[in-house]
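Report on the following structure.
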Amino acid sequence: MSFFEQYPVPAKSQPESEQELMRRAHALAGFTLGQLAGFAGWQAPKNLRKAKGWAGQLIEYYLGASAGSKQEQDFAHLGIELKTIPLNEHGQPAETTYVCIAPLTQLNGVTWEQSNVRNKLQRVLWIPVDGRREIAPAERTVGHPVLWSPNQVEDRLLRADWEELTEMIILGAVDQITARHGVAMQLRPKAANSHALTNAIGPEGELIQTLPRGYYLKKEFTHAVLQRALEDPNAFNR
DNA sequence: TCGTGATCATAC
DNA sequence: GTATGATCACGA
């Protein structure tokens, strides 16, 4: 059977329902990134060193994510955020997962419920992809999708980390935050290079310039999320 | 070996 | 610069 018989959807079109999105996602499982790239007329890079977002953008294309640099979920009309997650030889996340840019000013009164982190993570479609570096991107296989929403325990973990980090930012201690802060989620540089600067709050409450930061999910947390899906296939059904 | 800090491509 | 998509790469 040809790929297009299994995937009779005009790529790049927006899925109209969660069911359609999931049908598309399931149809990608088992194919390599090279096959999918070929069907789409894309060229697979030799490695991801200068194409770090390539796999994510290829999956976006097939699932019909509204491309763009807008600060909202990939499927805003469905309330779903898309994340490709590279797995190592043990089936564990090979990388942390970028969530969103961290606001470093005008945080007074912002609550977890209003935060961009929570908005992005409220419902995530995980697409596991072989992330072994010794294998060429074109040979890496796409896995079965997992549609996840944080359970109470997960939400509390994320909230606690967000509140701790946000508190430090508000108190002018952003430059003392390292990736070691946080249990499930950490704050790390998110910039073109280490010379990039953005506004933040200083120790005396004054405006300072610092490296732009982003929120990232730690590997262990993401691993637990994916593990929960494997142990109970119905865990994330609604 | 692996996590932290650094970095790459692209759109606007 | 900010925001999207992320992974790289070196020092501990």
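To find a chain, count down the sequence lines: A is the first, B the second, and so on, and within it residues start at 1.
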At their closest point, which heavy atom of A:N88 faces which heavy atom of A:H90, and how far apart are they?
OD1-N, 2.8 Å

Please compare A:K83 and A:R140 by the position of their nearest nucleotide in DNA chain C and report the one closer to 5'.
A:K83

Salt-bridge present (A:D161, A:K218; N to O < 4.0 Å):
no

Atom-to-atom span, NE2 of A:H195 to C1' of B:dA6 - whole angstrom:
10 Å

Can you tell me how far C1' of B:dA11 sits from CD of A:E72, to the nearest Å?
15 Å

Tell me the interatomic distance from A:K52, atom NZ, to B:dG5, atom C1', rounded to whole angstroms.
11 Å

Checking all strands, does A:G56 fall into the base, sugar-phosphate, or nothing category for heavy-atom contacts under 4.0 angstrom?
sugar-phosphate

So for the helix from B:dT1-C:dA12 to B:dC12-C:dG1, with five pairs setting each end axis, what is the inter-axis angle to 10°?
30°

Other residues, nucleotides and ligands only: do more than 12 of their heavy atoms fall within 6.0 Å of CD on A:Q106?
no

Could you tell me whether A:E81 contacts a base, only the sugar-phosphate backbone, or nothing, with contacts defined as non-hydrogen atoms closer than 4.0 Å?
sugar-phosphate

By nearest-heavy-atom nucleotide on DNA chain C, the more 5' of A:L48 and A:P212 is A:P212

Would you please say whether a donor-acceptor pair under 3.5 Å links the side chains of A:D130 and A:T141?
no

Please verify the inter-ring angle class for A:F39 with A:F31; under 30° counts as parallel, over 60° as perpendicular, anything in between as tilted.
perpendicular

Under a criterion of less than 4.0 angstrom to any heavy atom of chain A, what are the 5'-terminal and 3'-terminal contacting nucleotides of DNA chain C?
C:dG1 to C:dA9

Mind calculating the distance between CZ (A:R49) and C1' (B:dT10) to the nearest angstrom?
18 Å

A:E154/A:R156 ion pair, N-O < 4.0 Å:
no

Are any non-hydrogen side-chain atoms of A:E18 and A:I80 less than 4.5 angstrom apart?
yes

Flag yes if more than 12 heavy atoms outside A:E220 fall under 6.0 Å of its CD atom; otherwise flag no.
no

For A:E16, look at atom CD and say whether over 12 heavy atoms of other residues, nucleotides or ligands are found less than 6.0 Å away.
no

Whole angstroms only, please: what is the CD-P distance between A:E95 and B:dT7?
16 Å

Check whether the side chains of A:W42 and A:Q57 place a donor and an acceptor atom closer than 3.5 Å, and report yes or no.
no

Distance in angstrom units between A:Y98 OH and B:dC8 P, rounded:
17 Å

Check each residue of residues 155-194 of chain A for a non-hydrogen atom within less than 4.0 Å of any atom in DNA chain C, then write out the ones that pass by number, or none.
A:R188, A:K190

May I ask you to check whether over 12 heavy atoms, not counting those of A:Q43, lie within 6.0 Å of atom CD?
no

